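Remarks on the structure that follows.
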Amino acid sequence: MLLPVQVHSDEILSHILSHDTTILIGETGSGKSTQIPQLLLKYGKIAITQPRRVAAINLATRVAQETNSRVGDTIGYSVRFDHRTSSKTRCKYVTDGMLLREMINDKELKNYDTVIIDEAHERTVLTDLIIGFLKELQGRRKLRIVIMSATLNAESFSRFFHNAPILHVRGRRFPVQQLYLREPCDDLVEIAIRCVVQINAGEPLGDVLCFLPGQEEIDRAVTFLERIGPEIRSRGFPVMVGMPLYASLPPSEQLKVFQRIKGKQQSRKIIFCTNVAETSITVPGVKYVVDSGLRRVKVWRHALNLSTLLTVPVSRASAQQRSGRAGRECAGKCYRLFQESDFEKMPAVTEPEIARCDVTEPLLLLKRHGVDDVLNWSWFEHPGKESILQALGELLLLGALDAKGSLTPLGYRMSSLPLPPQLGVVLIAAEDKQKHCLDTCIDIVACLSVENVLLSPPWEQRDIVNERRTAICHRASRWGDLVLYKELWDHYFRTSLTGDEKKTFCQELYVNQRAMRQVQKVRGQLRSLFRLHEDPDPTAHHALETEEIPAVITCFLSGYPKNLAILHPDRSHKIVTTGETVQPHPASTLFTQRKTDCPAILYTEYVYTSKGYARNVSRLELSWLSS
DNA sequence: GAGCACTGC
């Protein structure tokens, strides 16, 4: 059967060809991501961006199959650490980060006649930047742009591109019935469980996907469901198997949501998930969605130089996306754990990331692209004057800009590295230090730039895992988390470990092995950018020496000069710039250390939750500060 | 003795 985009292909094609820019609203199941590029194949070279690596690879693979070709021939892809393209490639699926990097070397994007921005509604910072660059570029040369979005906010795209026409392609989805609470609720987890129990008792078999704001609520819900399990069974209702799903979960646990439940009994999966299941992970077999209408979001406060973690209502677009997860295979139902009047009050679309993140890195990129007046750039959405001024100040402090706001040679180098500016400074500072300082800093920076390297064990194993970690990383308990990363890496990377031993090592220490493989790739990329030989003989790997710790931590101080807190007579650590009190996060190796033991601490991140917590904390001696 | 949502080079 033809996909909606195929049914209307003539109309869509002639429309795209006769306009410089087209906004295409394609609902899920319309086939836009696979079909639109195929329609345009005859009309020049195409780049199509995706927010995620897996999506870029999967789509390219599928379209190559559909066109009876091999990936890398006509249809290719390019993501970090993996690309399949050739001189024959006419259509390339890329991550948006990758396209931005390409644009550094080729400002005019001469390789492409058409650029398609897919999933534009997700509005990552990177899509926003690309959109701004494309508009500028269109002012200089002929370039066909297609903005593809799944939701409502098409008007803002249209307005930005001189009122570009909006095309609408229906999707193919099954109907989803919406149900609301009649009265407000106070305990979210309790009401979620009651809802799930009700579905289980009254609805035909089918799995349930329950959206909760975060890990804490999810773990509570899973435990709750386990506790009431025996009673459910004793009443003869189907067995409910509760499963958590969030990004920092070990991959083996994540895979469980794709597996069938063993046993012959009637059963259903109840998957308690965060936003991962809204975009990144598609769980098959879901017939019912339970939506708390909430999500957890990190908000950067430029005035305070810290980020906060907030629980906020989702947008109507996002609630719609969540409920759509119930209608992928057959008609479904969505139970919204809020009132219909609350739904009306929700914002129409999610606030874009650019409005709530630190723009230091985006600004460095703009400067690298030669944008002098960043305040008046063609922002798709302006991040705000204050936010920009703060970021400019940070770049000035780091030495990336001079007093006139021009990119310095240092800033130029920083912008070439696939790292946030601060970590770039750390490595550039490490180059001038003693032998091996750069090796060590690269290992640590690689760990820092990969998410979820350390998994958090269940509470009953917490102490034992901590002990195991500090037993083999014995200098980390004095010097802190950066040293911990390096020592863990040294143990993981040493050649005497076989594949199985590496696996066991990771399991015992709750280290995410998938993340460690990623660390290895990042490390390799950084080493080659700094022209360090890729250890031909891995026994030559440089393991941490205690003597080099001061130099290493001092390099991090160059990257994070403001993230320094000094021990005061009242036994608290106060941030030098603001005088505020910080405390190492409970997940830090320095958390348990007596406060008076550290004359000063340095951290890479400051997050305000119930208190101000410093993350990735290191001990610092006052004598290191003068140099 | 606390919890991190998600993603890119």
Side-chain angles (χ1 to χ4, degrees), chain A residues 49-56 78-83 94-105 119 122-130 211-220 245-249 273-281 292 294-300 307-312 314 318 350-353 356-357 361-362 364-365 368 414-421 423-424 446 449-459 462-463 466 512 518 521-522 525-526 529 583-588 590-593 605 607-616:
Chain A
T49 71
Q50 294 293 322
R52 280 168 293 279
R53 296 156 44 94
V54 267
S78 175
V79 303
R80 191 182 188 184
F81 304 128
D82 190 9
H83 55 91
V94 293
T95 44
D96 34 21
M98 206 62 179
L99 188 71
L100 275 171
R101 283 288 143 184
E102 269 188 36
M103 289 176 99
I104 283 185
N105 298 321
E119 312 289 357
E122 286 191 30
R123 296 280 307 273
T124 70
V125 179
L126 304 179
T127 28
D128 268 33
L129 293 179
I130 290 175
F211 287 95
L212 291 171
Q215 191 177 330
E216 190 192 329
E217 291 85 353
I218 289 170
D219 291 341
R220 255 174 68 211
L245 179 63
Y246 42 82
S248 62
L249 209 61
C273 64
T274 60
N275 254 353
V276 256
E278 198 180 303
T279 48
S280 306
I281 302 179
S292 64
L294 297 171
R295 66 181 183 131
R296 200 103 69 215
V297 63
K298 199 174 190 172
V299 180
W300 169 251
S307 41
T308 51
L309 225 50
L310 303 174
T311 306
V312 297
V314 299
S318 180
T350 308
E351 184 191 37
E353 196 187 357
R356 55 183 153 79
C357 74
E361 197 175 353
L364 181 62
L365 203 63
R368 173 66 187 261
M414 286 160 68
S415 67
S416 303
L417 298 170
L419 291 171
L423 290 179
S449 57
V450 173
E451 285 297 307
N452 304 320
V453 168
L454 292 177
L455 301 165
S456 52
W459 64 269
R462 197 171 53 198
D463 290 341
N466 279 342
N512 185 347
Q518 182 74 4
K521 288 182 185 165
V522 175
Q525 189 185 29
L526 294 175
L529 284 166
Q583 195 186 317
H585 189 275
S588 165
L590 292 186
F591 177 76
T592 44
Q593 202 175 60
E605 213 187 342
V607 183
Y608 197 94
T609 50
S610 53
K611 282 183 207 157
Y613 284 115
R615 306 194 60 235
N616 300 322

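Note that this is a predicted model, so its numbers are computed, not measured. Below, chain A is the first sequence line, B the second, and so on; all start at residue 1.
- Between A:Val297 and A:Gln518, the one whose closest nucleotide on DNA chain B sits nearer the 5' end is A:Val297.
- Residue A:Thr311 has no polar side-chain atom (N or O) positioned under 4.0 Å from OP1 or OP2 of B:dA5.
- Here the side chains of A:Met98 and A:Val79 are not in contact, with every heavy-atom distance at 4.5 Å or above.
- Set against B:dG1, B:dG8, B:dC6, the side chain of A:Phe591 has B:dG1 as its closest nucleotide.
- Across all strands, A:Glu102 comes closer than 4.0 Å to no nucleic acid atom at all (heavy-atom distances).
- A sub-4.0 Å separation between OP1 or OP2 of B:dT7 and a side-chain N or O of A:Ser280 is present.
- Here B:dA2 is the nucleotide among B:dT7, B:dA2, B:dA5 with the atom lying nearest to any side-chain atom of A:Pro586.
- A:Arg368 places no side-chain N or O within donor-acceptor distance of the main-chain N or O of A:Ile104, the cut-off being under 3.5 Å.
- Looking at the side chain of A:Arg296, the nearest of the listed nucleotides B:dG8, B:dA2, B:dA5 is B:dA5.
- Across all strands, A:Arg80 comes closer than 4.0 Å to base atoms (heavy-atom distances).
- Residue A:Leu100 holds its CG atom at 9.0 Å from OG1 of A:Thr95, rounded to the nearest 0.5 Å.
- Put simply, CE on A:Met98 is 12 Å from P on B:dG8, counting in whole angstrom units.
- Taking atom NZ of residue A:Lys521 and atom C1' of nucleotide B:dG8, one finds them 15 Å apart after rounding to whole Å.
- Residue contacts shown for A:Glu217 are absent, as no nucleic acid heavy atom lies under 4.0 Å away.
- Closest to the A:Asp96 side chain, of the nucleotides B:dA5, B:dG8, B:dA2, is B:dG8.
- Nearest to the side-chain atoms of A:Arg53 among the listed nucleotides B:dA5, B:dG8, B:dA2 stands B:dG8.
- Contacts of A:Leu419 with the nucleic acid, taken as non-hydrogen atoms under 4.0 Å apart, include base atoms.
- Look at CG on A:Leu294: it is 15 Å from P on B:dC6, rounded to the nearest Å.
- At a threshold of 4.0 angstrom between heavy atoms, the contacts of A:Ser610 are confined to the sugar-phosphate backbone, with no base atom among them.
- Distance from the side chain of A:Pro420 is smallest for B:dC9 among the nucleotides B:dG1, B:dA5, B:dC9.
- No contact: A:Glu353 has no heavy atom under 4.0 Å from any strand.
- Minimum atom distance to the side chain of A:Thr609 is reached by B:dG3, of the listed B:dC6, B:dG3, B:dG1.
- A donor and an acceptor atom, one from each side chain of A:Ser318 and A:Glu278, are located under 3.5 Å apart.
- Counting any heavy atom pair closer than 4.0 Å across all strands shown, A:Val79 reaches sugar-phosphate atoms only and no base atom.
- Nucleic acid contact for A:Thr124: none, since no nucleic acid atom lies under 4.0 Å from a heavy atom of the residue.
- One finds the CG atom of A:Leu309 at 12.5 Å from the OH atom of A:Tyr613 (value rounded to the nearest 0.5 Å).
- Closest to the side chain of A:Ala247, out of B:dC6, B:dA2, B:dG1, is B:dC6.
- The side-chain hydrogen bond (donor to acceptor under 3.5 Å, both in side chains) check on A:Glu605 picks up A:Lys298, A:Arg615, with sequence neighbours excluded.
- In terms of phosphate contacts, A:Thr95 brings a side-chain nitrogen or oxygen within less than 4.0 Å of OP1 or OP2 of B:dC9.
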